[in-house]
Amino acid sequence: QQQVKQSPQSLIVQKGGISIINCAYENTAFDYFPWYQQFPGKGPALLIAIRPDVSEKKEGRFTISFNKSAKQFSLHIMDSQPGDSATYFCAASKGSGAGSYQLTFGKGTKLSVIP
Amino acid sequence: DAGITQSPRHKVTETGTPVTLRCHQTENHRYMYWYRQDPGHGLRLIHYSYGVKDTDKGEVSDGYSVSRSKTEDFLLTLESATSSQTSVYFCAIRPSSGTDTQYFGPGTRLTVL
């Protein structure tokens, strides 16, 4: 059972455009939702994270939107640049109970930003 | 890279041979994790450790064992490697008991022929 579903699998955006990646989760006990960015040959790097007590978090050109009732969250990359071309993973974890602090990952989205 | 090193970075081995991957951290973090990454599957947790000699299974632990005899090292062992274990393996640390965030190492690419 896949607990975090991520879409789309791949995304092509023109330079300057907005990239949007969506994730949906099933486990209502999840209370931490990070996004990771991964370049080829490198480990995933934390990009931005949110908790369900806020509906939006912005850091520079990166914004997470969170909809608790729909159990969905999304990453928006404004003014996308070729340097943003990477694979992005959403994830979720819970802070208590069995399996606490274990990250469950989506399957990833490969973003290509074309000039 | 949160002070995490992984060794080897690349390894090619044959089916049936034992393989040990090493994760080393320099900042005395209590929590350490091993993941595998495969195309179309994202990252999946293999095993994790919450202290010296304290380990537990993750989602895809079959065929893997781990050991942690000192804080800085977390070893992942494939007792008898199979082609299905060809993957990229990542180690991660979680800085403290009150933090959800995990930081990842650079990865080890393992090919089992």
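Just so it is clear, the structure is predicted and the values come from calculations on it, not from any experiment.
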Is it true that, when you exclude [X] itself, more than 12 heavy atoms of the residues, nucleotides or ligands shown sit nearer than 6.0 Å to its [atom1]?
X: B/Glu14; atom1: CD; value: no
X: A/Ile114; atom1: CD1; value: yes
X: A/Gln9; atom1: CD; value: no

So for [X], is it side chain, backbone, both, or neither that comes closer than 4.5 Å to the heavy atoms of chain A?
X: B/Leu45; result: side chain
X: B/Gln37; result: side chain
X: B/Arg44; result: neither

Working to the nearest 0.5 Å, report the span between [atom1] of [X] and [atom2] of [Y].
X: A/Gln102; Y: B/Asp56; atom1: CD; atom2: CG; value: 7.5 Å
X: B/Glu59; Y: A/Thr104; atom1: CD; atom2: OG1; value: 7.0 Å
X: A/Leu103; Y: B/Thr101; atom1: CG; atom2: OG1; value: 8.5 Å

Are [X] and [Y] joined in one hydrophobic group, where the rule is that I, L, V, M, F, W and Y side chains link up if heavy atoms are under 4.5 Å apart?
X: B/Tyr33; Y: B/Leu75; result: no
X: A/Val113; Y: A/Ile20; result: no
X: A/Tyr32; Y: A/Tyr101; result: yes

Original post:
Do the two ring centres, one from A/Phe105 and one from B/Tyr35, sit under 6.0 Å apart?
Top reply: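 Yes; B/Tyr35 has its ring centre under 6.0 Å from that of A/Phe105.
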
For residues 48-55 of chain A, please give each side-chain donor-acceptor pair under 3.5 Å, one per line with the distance, not counting sequence neighbours.
{"unit_1": "A/Arg51", "atom_1": "NH1", "unit_2": "A/Asp31", "atom_2": "O", "d": "3.1"}
{"unit_1": "A/Arg51", "atom_1": "NH1", "unit_2": "B/Asp100", "atom_2": "OD1", "d": "3.4"}
{"unit_1": "A/Arg51", "atom_1": "NH2", "unit_2": "B/Asp100", "atom_2": "OD1", "d": "2.2"}

Honestly, the part of A/Pro34 sitting under 4.5 Å from a heavy atom of chain B is neither

Counting only heavy atoms closer than 4.5 Å, note whether A/Gln38 contacts chain B via side chain, backbone, both or neither.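 Just its side chain gets close to chain B.
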
Contacts with chain B made by residues 65-92 of chain A (heavy-atom distance under 4.5 Å), listed by residue number
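Residues of residues 65-92 of chain A touching chain B at under 4.5 Å: A/Phe89.
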
Interface check, chain A: of B/Ala92, B/Gly58, B/Pro39, B/Gly40, most non-hydrogen pairs under 4.5 Å belong to B/Gly40

(message) For B/Phe104 and A/Tyr36: C-alpha separation, side-chain torsions, deciding distance, then whether side-chain contact (heavy atoms from CB on, under 4.5 Å) applies.
(response) CA-CA 10 Å; B/Phe104 286 79; A/Tyr36 284 84; 3.7 Å; yes

Open item on the list: If you count heavy-atom pairs within less than 4.5 Å of chain B, which of A/Pro44, A/Gly43, A/Gly41 leads?
Closed with: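 Looking at each option in turn, the highest pair count goes to A/Pro44.
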
